[in-house]
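See below for the structure under consideration.
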Amino acid sequence: MDDLRIGFGEDAHRLAPGRPLTLGGVVVPGAERGAIAHSDGDALLHAVADALLSAWALGDIGQHFPDTDAAHAGLDSRAIVARARTLIAERAPDARLAQVSAVVTLDRPKLGPHRSTVAATLAGLLDLPVDRVGLTFKTSEGLAPDHVQARATVLWRAPVG
Ligand code: C5P
Ligand code: MG
């Protein structure tokens, strides 16, 4: 019997013209606005990284990558996910990530046409088969037209020991 652990993470960024919109490590083609952020503003990867850490009670990405640190300006969020994986590997070397399920809330543009690209990229980053990466896209129904928001859950398995 494995020890099962779930983690939950969330992130949001304000959108502004003239910058790329990066989600799950993918620059969304044709997006007119991108996230205002200290890093590359990849809300999906930030939510996933927080979920990964949360499952192991290892704090959050703001703790490990303070946005007051100039060294983190423009940071590629794939490095944040990689760092989270390293911290977890140190804490729980036998743990295996089993699944990720995420929701991105964004009014425009439609993300559906990019679902398979984002899922494949996220699967590659997390060393997961693509059928263990679930992505749901939602609008805010106009409630938050100037924001991108992501929420993610992850499931880990580790041998009881
Ligand atoms: O938010 P709402 O339920 O109206 O979204 C309808 C559908 O539009 C979603 O189920 C999703 O398939 C798609 N969608 C999308 N890209 C977005 C928001 C929603 O592809 N940015
Ligand atoms: Mg963020």
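In what follows, residues are counted from 1 in the order of the sequence shown. Just so it is clear, the structure is predicted and the values come from calculations on it, not from any experiment. Indexing begins at 1, ligand by ligand and atom by atom, following the structure's order.
- For residues 81-93, no pair satisfies side chain to side chain donor-acceptor pair (under 3.5 Å), with sequence neighbours left out.
- Atoms OG and CG, from Ser77 and Asp42 in turn, are 5.0 Å apart once rounded to the nearest 0.5 Å.
- Taking a heavy-atom cut-off of under 4.0 Å, ligand 1 is surrounded by Leu106, Pro109, Lys110, Leu111, Gly112, Arg115, Phe137, Lys138, Thr139, Glu141.
- Between Asp2 and Arg96 there is a salt bridge, since at least one side-chain N of the basic residue sits less than 4.0 Å from a carboxylate O of the acidic one.
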Using a 3.5 Å cut-off and no angle test, enumerate the donor-acceptor pairs between side-chain atoms of residues 98-112 and protein atoms at least two apart in sequence or in another chain.
from	atom 1	to	atom 2	distance (Å)
Asp107	OD1	Ser140	N	2.5
Asp107	OD1	Ser140	OG	3.0
Asp107	OD2	Ser140	OG	3.2
Asp107	OD2	Gly142	N	3.2

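- Residue Arg78 places its CZ atom among 12 or fewer non-hydrogen atoms of other residues, nucleotides or ligands, all under 6.0 Å distant.
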Would you be so kind as to tabulate the donor-acceptor pairs closer than 3.5 Å made by side chains of residues 18-35, with sequence neighbours excluded?
from	atom 1	to	atom 2	distance (Å)
Arg33	NH1	Asp146	OD1	2.9
Arg33	NH2	Pro145	O	2.7

